[in-house]
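Every chain is numbered from 1 and lettered A, B, ... according to where its sequence line falls, protein lines coming before strand lines.
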There are 2 protein chains.
Amino acid sequence: MTQQPSKIVEFDHPCPIRDVLDRIGDQWSVLVLLTLQPGTRRFNELMREIGDISKQMLSRTLKHLEQDGFITRTVYPEVPPRVEYDLTELGHSFLEPMQALVAWADANHRTIAESRRRYRAGE
Amino acid sequence: MTQQPSKIVEFDHPCPIRDVLDRIGDQWSVLVLLTLQPGTRRFNELMREIGDISKQMLSRTLKHLEQDGFITRTVYPEVPPRVEYDLTELGHSFLEPMQALVAWADANHRTIAESRRRYRAGE
DNA sequence: GGACTAGGTCTACTAAATAGACCTATACGG
DNA sequence: CCGTATAGGTCTATTTAGTAGACCTAGTCC
(Lines give C-alpha, C1' and ligand atoms only; values in the text may rest on other atoms or scores of the structure.)
Protein backbone atom coordinates (compact mmCIF):
# COMPACT_ATOMS: atom_id res chain seq x y z
CA MET A 1 0.00 0.00 0.00
CA THR A 2 3.05 2.20 0.41
CA GLN A 3 3.77 2.15 -3.27
CA GLN A 4 4.71 5.23 -5.26
CA PRO A 5 2.08 7.74 -4.14
CA SER A 6 0.62 8.32 -7.63
CA LYS A 7 -2.12 10.89 -7.91
CA ILE A 8 -4.55 8.23 -9.04
CA VAL A 9 -7.67 9.92 -7.88
CA GLU A 10 -6.81 13.57 -8.13
CA PHE A 11 -8.13 15.01 -11.32
CA ASP A 12 -9.47 18.42 -10.75
CA HIS A 13 -8.42 19.70 -14.12
CA PRO A 14 -10.54 22.73 -14.90
CA CYS A 15 -11.15 21.47 -18.45
CA PRO A 16 -13.10 18.20 -18.50
CA ILE A 17 -11.85 17.37 -21.96
CA ARG A 18 -8.24 17.65 -20.91
CA ASP A 19 -9.14 15.66 -17.86
CA VAL A 20 -10.42 12.77 -19.93
CA LEU A 21 -7.82 13.05 -22.68
CA ASP A 22 -4.97 13.15 -20.19
CA ARG A 23 -6.18 9.91 -18.77
CA ILE A 24 -6.74 7.94 -21.93
CA GLY A 25 -3.91 9.78 -23.67
CA ASP A 26 -1.17 8.08 -21.72
CA GLN A 27 1.19 5.63 -23.28
CA TRP A 28 -0.91 2.54 -22.66
CA SER A 29 -4.60 3.05 -21.92
CA VAL A 30 -5.85 3.03 -25.49
CA LEU A 31 -3.73 0.03 -26.31
CA VAL A 32 -5.14 -1.91 -23.39
CA LEU A 33 -8.69 -0.99 -24.35
CA LEU A 34 -8.11 -2.06 -27.94
CA THR A 35 -6.65 -5.34 -26.74
CA LEU A 36 -9.73 -5.96 -24.63
CA GLN A 37 -12.08 -5.18 -27.49
CA PRO A 38 -12.36 -8.74 -28.86
CA GLY A 39 -13.34 -9.96 -25.41
CA THR A 40 -12.22 -11.03 -21.93
CA ARG A 41 -8.52 -11.12 -21.21
CA ARG A 42 -6.40 -12.11 -18.22
CA PHE A 43 -3.43 -10.18 -16.91
CA ASN A 44 -0.73 -12.23 -18.55
CA GLU A 45 -2.66 -12.47 -21.79
CA LEU A 46 -2.65 -8.69 -21.95
CA MET A 47 1.07 -8.68 -21.19
CA ARG A 48 1.74 -11.07 -24.05
CA GLU A 49 -0.55 -9.44 -26.59
CA ILE A 50 0.72 -5.93 -25.94
CA GLY A 51 4.25 -7.24 -25.82
CA ASP A 52 6.32 -4.39 -24.46
CA ILE A 53 4.44 -3.12 -21.44
CA SER A 54 5.90 -3.61 -17.97
CA LYS A 55 3.91 -5.38 -15.27
CA GLN A 56 3.75 -2.28 -13.16
CA MET A 57 2.43 -0.10 -15.94
CA LEU A 58 -0.14 -2.68 -16.97
CA SER A 59 -1.24 -3.01 -13.37
CA ARG A 60 -1.51 0.74 -13.01
CA THR A 61 -3.25 1.27 -16.32
CA LEU A 62 -5.81 -1.41 -15.52
CA LYS A 63 -6.43 0.17 -12.12
CA HIS A 64 -7.04 3.56 -13.73
CA LEU A 65 -9.33 2.13 -16.36
CA GLU A 66 -11.32 0.25 -13.76
CA GLN A 67 -11.53 3.34 -11.61
CA ASP A 68 -12.85 5.40 -14.51
CA GLY A 69 -15.40 2.74 -15.40
CA PHE A 70 -13.93 1.61 -18.71
CA ILE A 71 -13.33 -1.97 -17.62
CA THR A 72 -14.35 -4.45 -14.96
CA ARG A 73 -12.01 -6.62 -12.96
CA THR A 74 -13.24 -10.01 -11.82
CA VAL A 75 -11.21 -12.06 -9.37
CA TYR A 76 -11.69 -15.82 -9.07
CA PRO A 77 -10.29 -16.84 -5.70
CA GLU A 78 -8.44 -19.88 -6.91
CA VAL A 79 -4.82 -20.82 -6.59
CA PRO A 80 -3.04 -19.73 -8.62
CA PRO A 81 -5.32 -16.73 -8.85
CA ARG A 82 -7.33 -15.91 -11.94
CA VAL A 83 -8.36 -12.38 -12.80
CA GLU A 84 -10.42 -11.41 -15.81
CA TYR A 85 -10.72 -8.01 -17.40
CA ASP A 86 -13.63 -6.91 -19.58
CA LEU A 87 -14.77 -3.77 -21.30
CA THR A 88 -17.84 -2.12 -19.83
CA GLU A 89 -20.54 -0.41 -21.84
CA LEU A 90 -18.61 2.84 -21.39
CA GLY A 91 -15.42 1.18 -22.58
CA HIS A 92 -17.10 -0.08 -25.72
CA SER A 93 -18.71 3.28 -26.40
CA PHE A 94 -15.33 4.96 -26.09
CA LEU A 95 -13.84 2.67 -28.69
CA GLU A 96 -16.31 3.85 -31.31
CA PRO A 97 -14.84 7.33 -31.82
CA MET A 98 -11.46 5.79 -31.14
CA GLN A 99 -11.92 3.46 -34.09
CA ALA A 100 -12.35 6.45 -36.36
CA LEU A 101 -9.00 7.66 -35.19
CA VAL A 102 -7.40 4.28 -35.69
CA ALA A 103 -8.84 4.21 -39.20
CA TRP A 104 -7.39 7.64 -39.82
CA ALA A 105 -3.99 6.49 -38.60
CA ASP A 106 -4.19 3.47 -40.83
CA ALA A 107 -5.15 5.57 -43.85
CA ASN A 108 -2.49 8.22 -43.29
CA HIS A 109 0.55 6.51 -41.85
CA ARG A 110 2.20 6.36 -45.26
CA THR A 111 1.84 10.08 -45.79
CA ILE A 112 3.29 10.66 -42.34
CA ALA A 113 6.19 8.29 -42.86
CA GLU A 114 6.91 10.03 -46.15
CA SER A 115 6.84 13.42 -44.44
CA ARG A 116 9.29 12.20 -41.84
CA ARG A 117 11.63 10.88 -44.50
CA ARG A 118 11.61 14.19 -46.32
CA TYR A 119 12.26 16.07 -43.11
CA ARG A 120 15.13 13.82 -42.20
CA ALA A 121 16.61 14.26 -45.67
CA GLY A 122 16.76 17.99 -44.91
CA GLU A 123 13.41 19.35 -46.05
CA MET B 1 22.43 21.02 -31.60
CA THR B 2 23.79 18.85 -28.81
CA GLN B 3 20.51 18.76 -26.97
CA GLN B 4 19.08 15.65 -25.42
CA PRO B 5 19.51 13.08 -28.19
CA SER B 6 15.79 12.36 -28.60
CA LYS B 7 14.83 9.67 -31.03
CA ILE B 8 12.88 12.15 -33.10
CA VAL B 9 13.19 10.38 -36.38
CA GLU B 10 13.35 6.75 -35.34
CA PHE B 11 10.01 5.17 -35.61
CA ASP B 12 10.27 1.70 -36.96
CA HIS B 13 7.44 0.38 -34.89
CA PRO B 14 6.17 -2.77 -36.57
CA CYS B 15 2.56 -1.62 -36.14
CA PRO B 16 1.80 1.58 -38.07
CA ILE B 17 -1.17 2.36 -35.87
CA ARG B 18 0.92 2.28 -32.73
CA ASP B 19 3.49 4.30 -34.56
CA VAL B 20 1.00 7.08 -35.26
CA LEU B 21 -0.81 6.83 -31.93
CA ASP B 22 2.43 6.91 -29.96
CA ARG B 23 3.28 10.15 -31.65
CA ILE B 24 0.00 11.99 -31.30
CA GLY B 25 -0.71 10.21 -28.02
CA ASP B 26 1.88 12.09 -26.05
CA GLN B 27 0.98 14.58 -23.38
CA TRP B 28 0.83 17.62 -25.67
CA SER B 29 0.45 16.97 -29.39
CA VAL B 30 -3.32 16.84 -29.52
CA LEU B 31 -3.61 19.90 -27.34
CA VAL B 32 -1.31 21.87 -29.62
CA LEU B 33 -3.25 20.78 -32.70
CA LEU B 34 -6.55 21.76 -31.11
CA THR B 35 -5.10 25.14 -30.16
CA LEU B 36 -4.03 25.69 -33.76
CA GLN B 37 -7.43 24.73 -35.12
CA PRO B 38 -8.96 28.23 -35.09
CA GLY B 39 -6.01 29.51 -37.10
CA THR B 40 -2.39 30.70 -37.10
CA ARG B 41 -0.59 30.98 -33.80
CA ARG B 42 2.83 32.16 -32.70
CA PHE B 43 5.05 30.39 -30.20
CA ASN B 44 4.21 32.50 -27.19
CA GLU B 45 0.54 32.58 -28.06
CA LEU B 46 0.54 28.80 -27.89
CA MET B 47 2.36 28.94 -24.57
CA ARG B 48 -0.24 31.29 -23.14
CA GLU B 49 -3.29 29.51 -24.53
CA ILE B 50 -2.16 26.07 -23.40
CA GLY B 51 -1.05 27.50 -20.10
CA ASP B 52 0.98 24.77 -18.46
CA ILE B 53 3.34 23.52 -21.13
CA SER B 54 7.06 24.17 -20.78
CA LYS B 55 8.97 25.96 -23.54
CA GLN B 56 11.05 22.91 -24.21
CA MET B 57 8.11 20.59 -24.58
CA LEU B 58 6.26 23.03 -26.81
CA SER B 59 9.35 23.41 -28.96
CA ARG B 60 9.78 19.66 -29.20
CA THR B 61 6.11 18.97 -29.85
CA LEU B 62 6.01 21.57 -32.62
CA LYS B 63 9.12 20.06 -34.18
CA HIS B 64 7.53 16.61 -34.14
CA LEU B 65 4.29 17.86 -35.61
CA GLU B 66 6.11 19.74 -38.34
CA GLN B 67 8.21 16.69 -39.08
CA ASP B 68 5.15 14.51 -39.42
CA GLY B 69 3.44 17.03 -41.66
CA PHE B 70 0.65 18.12 -39.31
CA ILE B 71 1.74 21.75 -39.18
CA THR B 72 3.87 24.27 -41.05
CA ARG B 73 6.40 26.60 -39.47
CA THR B 74 7.00 29.96 -41.08
CA VAL B 75 9.86 32.15 -39.91
CA TYR B 76 9.86 35.89 -40.56
CA PRO B 77 13.47 37.05 -40.24
CA GLU B 78 12.76 40.13 -38.19
CA VAL B 79 14.09 41.20 -34.84
CA PRO B 80 12.72 40.14 -32.52
CA PRO B 81 11.93 37.06 -34.60
CA ARG B 82 8.41 36.09 -35.57
CA VAL B 83 7.43 32.48 -36.18
CA GLU B 84 3.97 31.36 -37.21
CA TYR B 85 2.50 27.91 -36.94
CA ASP B 86 -0.40 26.62 -39.01
CA LEU B 87 -2.26 23.38 -39.48
CA THR B 88 -1.71 21.65 -42.81
CA GLU B 89 -4.37 19.77 -44.73
CA LEU B 90 -3.25 16.64 -42.93
CA GLY B 91 -3.49 18.38 -39.58
CA HIS B 92 -7.03 19.48 -40.27
CA SER B 93 -8.04 16.02 -41.50
CA PHE B 94 -6.66 14.50 -38.31
CA LEU B 95 -8.79 16.77 -36.18
CA GLU B 96 -11.98 15.39 -37.72
CA PRO B 97 -11.89 11.97 -36.05
CA MET B 98 -10.29 13.66 -33.07
CA GLN B 99 -13.35 15.90 -32.71
CA ALA B 100 -15.50 12.82 -32.35
CA LEU B 101 -13.33 11.78 -29.46
CA VAL B 102 -13.47 15.20 -27.87
CA ALA B 103 -17.25 15.12 -28.20
CA TRP B 104 -17.27 11.72 -26.53
CA ALA B 105 -15.12 13.04 -23.68
CA ASP B 106 -17.44 15.99 -23.29
CA ALA B 107 -20.51 13.76 -23.23
CA ASN B 108 -19.08 11.25 -20.78
CA HIS B 109 -16.87 13.11 -18.36
CA ARG B 110 -19.62 13.22 -15.80
CA THR B 111 -20.08 9.48 -15.87
CA ILE B 112 -16.34 9.08 -15.50
CA ALA B 113 -16.07 11.54 -12.65
CA GLU B 114 -18.91 9.72 -10.91
CA SER B 115 -17.16 6.39 -11.40
CA ARG B 116 -14.00 7.80 -9.87
CA ARG B 117 -15.88 9.12 -6.89
CA ARG B 118 -17.51 5.76 -6.27
CA TYR B 119 -14.16 4.01 -6.58
CA ARG B 120 -12.52 6.39 -4.16
CA ALA B 121 -15.36 5.89 -1.70
CA GLY B 122 -14.43 2.21 -1.68
CA GLU B 123 -16.50 0.66 -4.49
C1' DG C 1 9.27 -31.46 0.07
C1' DG C 2 10.66 -29.03 -4.28
C1' DA C 3 9.06 -26.99 -8.38
C1' DC C 4 5.45 -24.61 -10.84
C1' DT C 5 1.70 -21.47 -11.40
C1' DA C 6 -0.90 -16.31 -11.97
C1' DG C 7 -1.21 -11.95 -10.59
C1' DG C 8 0.60 -8.89 -8.80
C1' DT C 9 4.02 -5.54 -5.49
C1' DC C 10 8.65 -3.60 -4.12
C1' DT C 11 13.10 -1.68 -5.00
C1' DA C 12 16.81 0.14 -7.59
C1' DC C 13 17.88 2.10 -11.84
C1' DT C 14 17.18 4.82 -16.13
C1' DA C 15 14.70 7.89 -19.11
C1' DA C 16 11.83 11.84 -19.75
C1' DA C 17 9.72 16.29 -18.35
C1' DT C 18 10.03 20.67 -16.00
C1' DA C 19 11.72 25.24 -14.30
C1' DG C 20 14.25 28.73 -15.10
C1' DA C 21 18.68 31.00 -16.55
C1' DC C 22 20.63 32.28 -20.76
C1' DC C 23 21.25 33.75 -25.88
C1' DT C 24 20.50 36.62 -30.18
C1' DA C 25 20.06 41.15 -32.57
C1' DT C 26 17.54 45.26 -33.12
C1' DA C 27 14.73 49.19 -31.67
C1' DC C 28 13.39 52.35 -28.36
C1' DG C 29 13.72 55.50 -24.14
C1' DG C 30 16.39 58.45 -21.43
C1' DC D 1 25.42 55.84 -26.10
C1' DC D 2 23.86 52.87 -22.52
C1' DG D 3 20.36 50.16 -20.57
C1' DT D 4 16.16 47.66 -21.40
C1' DA D 5 12.68 45.13 -23.76
C1' DT D 6 11.35 41.66 -27.04
C1' DA D 7 10.33 36.60 -29.53
C1' DG D 8 11.67 32.34 -29.99
C1' DG D 9 14.01 29.40 -28.64
C1' DT D 10 18.31 26.31 -26.20
C1' DC D 11 21.02 24.59 -22.06
C1' DT D 12 21.46 22.72 -17.47
C1' DA D 13 20.03 21.04 -13.11
C1' DT D 14 16.32 18.96 -10.63
C1' DT D 15 12.07 16.41 -10.16
C1' DT D 16 9.09 12.93 -11.87
C1' DA D 17 7.69 8.95 -14.39
C1' DG D 18 8.70 4.37 -16.37
C1' DT D 19 11.32 -0.08 -16.55
C1' DA D 20 13.52 -4.46 -15.20
C1' DG D 21 13.64 -7.86 -12.44
C1' DA D 22 13.61 -10.02 -7.72
C1' DC D 23 10.15 -11.38 -4.60
C1' DC D 24 5.50 -13.01 -2.51
C1' DT D 25 1.42 -16.16 -1.97
C1' DA D 26 -0.65 -20.82 -1.48
C1' DG D 27 -2.34 -24.83 -3.52
C1' DT D 28 -1.39 -28.80 -6.83
C1' DC D 29 1.59 -32.11 -9.12
C1' DC D 30 5.63 -35.13 -9.04
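Pairs of residues two or more places apart, or lying in two chains, that qualify as side-chain hydrogen bond (donor to acceptor under 3.5 Å, both in side chains) and include a residue from residues 105-114 of chain A are Glu114(A)-Arg117(A).
At whole-Å resolution of the value, CG in Asp26(B) and P in dA17(C) are 8 Å apart. Rounding to whole angstrom units, CD of residue Glu78(B) and P of dA5(D) are separated by 21 Å. Between the CG atom of Leu58(B) and the P atom of dT10(D) there is a distance of 11 Å, rounded to whole Å. Rounded to whole Å, atom C1' of dT16(D) lies 11 Å from atom CZ of Arg60(A). For Gln56(B) and dT14(D), the CD to C1' distance is 13 Å, given to the nearest whole Å. The distance from atom NE2 of His64(B) to atom P of dA16(C) is 11 Å, rounded to the nearest whole Å. Taking atom CG on Asp52(A) and atom C1' on dG18(D), their separation rounds to 12 Å, with Å as the unit. Rounded to whole Å, atom P of dT16(D) lies 15 Å from atom CD of Gln27(B).
Along DNA chain D, the nucleotide nearest to Ser54(A) and the one nearest to Val79(A) differ in position, and the one closer to the 5' end is contacted by Ser54(A).
Take Thr61(B) and apply the side-chain hydrogen bond (donor to acceptor under 3.5 Å, both in side chains) test, not counting sequence neighbours, and it matches no residue. Partners of Val83(B) according to the side chain to side chain contact (heavy atoms under 4.5 Å, CB included) rule, which considers only residues two or more places apart in sequence or in another chain, are Arg73(B), Val75(B), Tyr85(B). Residues passing the side-chain hydrogen bond (donor to acceptor under 3.5 Å, both in side chains) test with Ser93(B) are Trp104(A), sequence neighbours excluded. For Glu78(B), the salt bridge (charged side-chain N to carboxylate O under 4.0 Å, His left out) partners at least two apart in sequence or on another chain are Arg82(B).
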Can I get a per-line list of side-chain donor-acceptor pairs under 3.5 Å for residues 34-43 of chain A, giving both atom names and the distance, sequence neighbours left out?
unit_1	atom_1	unit_2	atom_2	d
Thr35(A)	OG1	Leu31(A)	O	2.6
Gln37(A)	OE1	Gln99(A)	NE2	2.8
Thr40(A)	OG1	Asp86(A)	OD1	2.6
Thr40(A)	OG1	Asp86(A)	OD2	3.2
Arg41(A)	NE	Glu49(A)	OE2	2.6
Arg41(A)	NH1	Gly39(A)	O	3.2

Write down the protein N/O and nucleotide N/O pairs, taken from nucleotides 7-9 of chain D, whose separation is under 3.5 Å; answer none if there are no such pairs.
unit_1	atom_1	unit_2	atom_2	d
dA7(D)	O4'	Pro81(B)	O	3.4
dA7(D)	O3'	Arg42(B)	NH2	3.1
dA7(D)	O3'	Pro81(B)	O	3.0
dG8(D)	OP1	Arg42(B)	NE	3.1
dG8(D)	OP1	Arg42(B)	NH2	3.4
dG8(D)	OP1	Val83(B)	N	3.0
dG8(D)	OP1	Val83(B)	O	3.3
dG8(D)	OP2	Asn44(B)	N	3.3
dG9(D)	OP1	Arg73(B)	NH2	2.1
dG9(D)	OP2	Tyr85(B)	OH	2.6
dG9(D)	N7	Lys55(B)	NZ	2.7
dG9(D)	O6	Lys55(B)	NZ	2.7

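Rounding to the nearest 0.5 Å gives a distance of 8.5 Å between CG of Asp68(B) and CG of Leu90(B).
In this model, the phosphate group of dT18(C) is approached by a side-chain N or O of Trp28(B) to a distance below 4.0 Å at OP1 or OP2.
A salt bridge links Asp19(A) with Arg116(B): the distance from a Lys NZ or Arg NE/NH1/NH2 to an Asp or Glu carboxylate oxygen falls below 4.0 Å. Between Arg18(B) and Asp52(A), at least one side-chain nitrogen of the basic residue sits less than 4.0 Å from a carboxylate oxygen of the acidic one, meeting the salt-bridge criterion.
Less than 4.0 Å separates DNA chain C from no heavy atom of any residue of residues 32-41 of chain A.
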